[in-house]
Amino acid sequence: MARTALVTGGSRGIGAAISKALRAEGYNVAATYAGNDEAAANFTDETGIATYKWNVADYDESKAGIEKVEAEIGPIDIVVANAGITKDAPFHKMTPEQWHQVIDTNLTGVFNTVHPVWPGMRERKFGRVIVISSINGQKGQFAQVNYAATKAGDLGIVKSLAQEGARAGITANAICPGYIATEMVMAVPEKVRDSIISQIPAGRLGEPEEIARCVAFLASEDSQFINGSTISANGAQFFA
Ligand SMILES: NC(=O)c1ccc[n+]([C@@H]2O[C@H](COP(=O)([O-])OP(=O)(O)OC[C@H]3O[C@@H](n4cnc5c(N)ncnc54)[C@H](OP(=O)(O)O)[C@@H]3O)[C@@H](O)[C@H]2O)c1
């Protein structure tokens, strides 16, 4: 029977590419989103992949949503914690609200997504936890104290989960994308985009599908001995 994969924020951007790549590998896929109903409906129409709406920052909503997915599609063996936001500001201007919104979504959201599926993975002696971190969690970034803290936190989460899950056949790994050609990055003025690209030795942005292919490998049986790792996918922009 095909395994089931859950991709948070799986209806847009990098997450959408991940959902599609996992579907192409033969997994049953559930993609979640926060509020953009139109994008989610279009994604389901286009791909046939089921979408579910809940806020990853809320533990009870996440747990209830995951129970619904498991009842409708099957036990979740692969979880991709991809949902993330930015609320950038230089530190002296960053508000406690901007700090908490990003921590709640990007960091607590990973706990809320993985914690409810962990007992089932332990029981079935198989699991794949894949967290989408960021180059900015590795190197820090001006105006992203909140975001960089969450993305560095992701690396601590997977290194710890890897040690707890290894004997139960569960692996936990992080991917740190560099700048990827998503709507958000493509929407910035061309001048800013050019200056971003000038800092990437590869001379281009990454494609969402390039991150999706890393996820597909980590989700597979072949990746069993890769556990607690951080995969950098950034066109040689930064070496951790
Ligand atoms: N783009 C890059 O260059 C880049 C680089 C490094 C790392 N990353 C990381 O990669 C991940 C995906 O980024 P992206 O650029 O593809 O993002 P995106 O295009 O903005 O899509 C974000 C997705 O996450 C969902 N989401 C946001 N907040 C949520 C919440 N509270 N609860 C549930 N779902 C939520 C969104 O739902 P709605 O559609 O409803 O809004 C959407 O599906 C993020 O973790 C980001 O930090 C991105």
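Remember, it's 1-based here, ligands and their atoms both numbered in the order they're listed. Remember, predicted model here, so these are calculated numbers, not experimental data. Side-chain atoms are counted along with the backbone in the values below, which use heavy atoms only and exclude waters and symmetry mates.
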Practice prompt. Check the pair Gln237 / Tyr179 against side chain to side chain donor-acceptor pair (under 3.5 Å), numbers first and verdict last.
Written response: CA-CA 9 Å; Gln237 189 179 354; Tyr179 285 89; 5.6 Å; no
Discussion item. On the six-membered ring of Phe126, is Arg3 placed so that its NZ or CZ lies under 6.0 angstrom from the centre and within 45° of the ring axis?
Written reply: yes
Discussion item. Would Glu25 and Ser220 count as a side chain to side chain donor-acceptor pair (under 3.5 Å) here? Give the steps.
Written reply: CA-CA 9 Å; Glu25 292 291 323; Ser220 72; over 6 Å; no
Discussion item. With a 3.5 Å distance limit and no angle check, can you tell me whether Ser134 reaches the backbone of Cys176 through a side-chain donor-acceptor pair?
Written reply: no
Practice prompt. Give, for atom CD of Glu61 and atom CG of Asn112, the distance between the pair rounded to the nearest 0.5 Å.
Written response: 10.0 Å
Worksheet item: Applying a heavy-atom distance cut-off of 4.0 Å, which protein residues contact ligand 1?
Response: Gly9, Ser11, Arg12, Gly13, Ile14, Tyr33, Ala34, Gly35, Asn36, Trp54, Asn55, Val56, Asn82, Ala83, Gly84, Ile85, Thr105, Ile132, Ser133, Ser134, Tyr147, Lys151, Pro177, Gly178, Tyr179, Ile180, Thr182, Val185
Worksheet item: Hydrophobic clusters join Ile, Leu, Val, Met, Phe, Trp and Tyr when side-chain heavy atoms are under 4.5 Å apart, directly or via other members; which others share one with Phe239?
Response: none
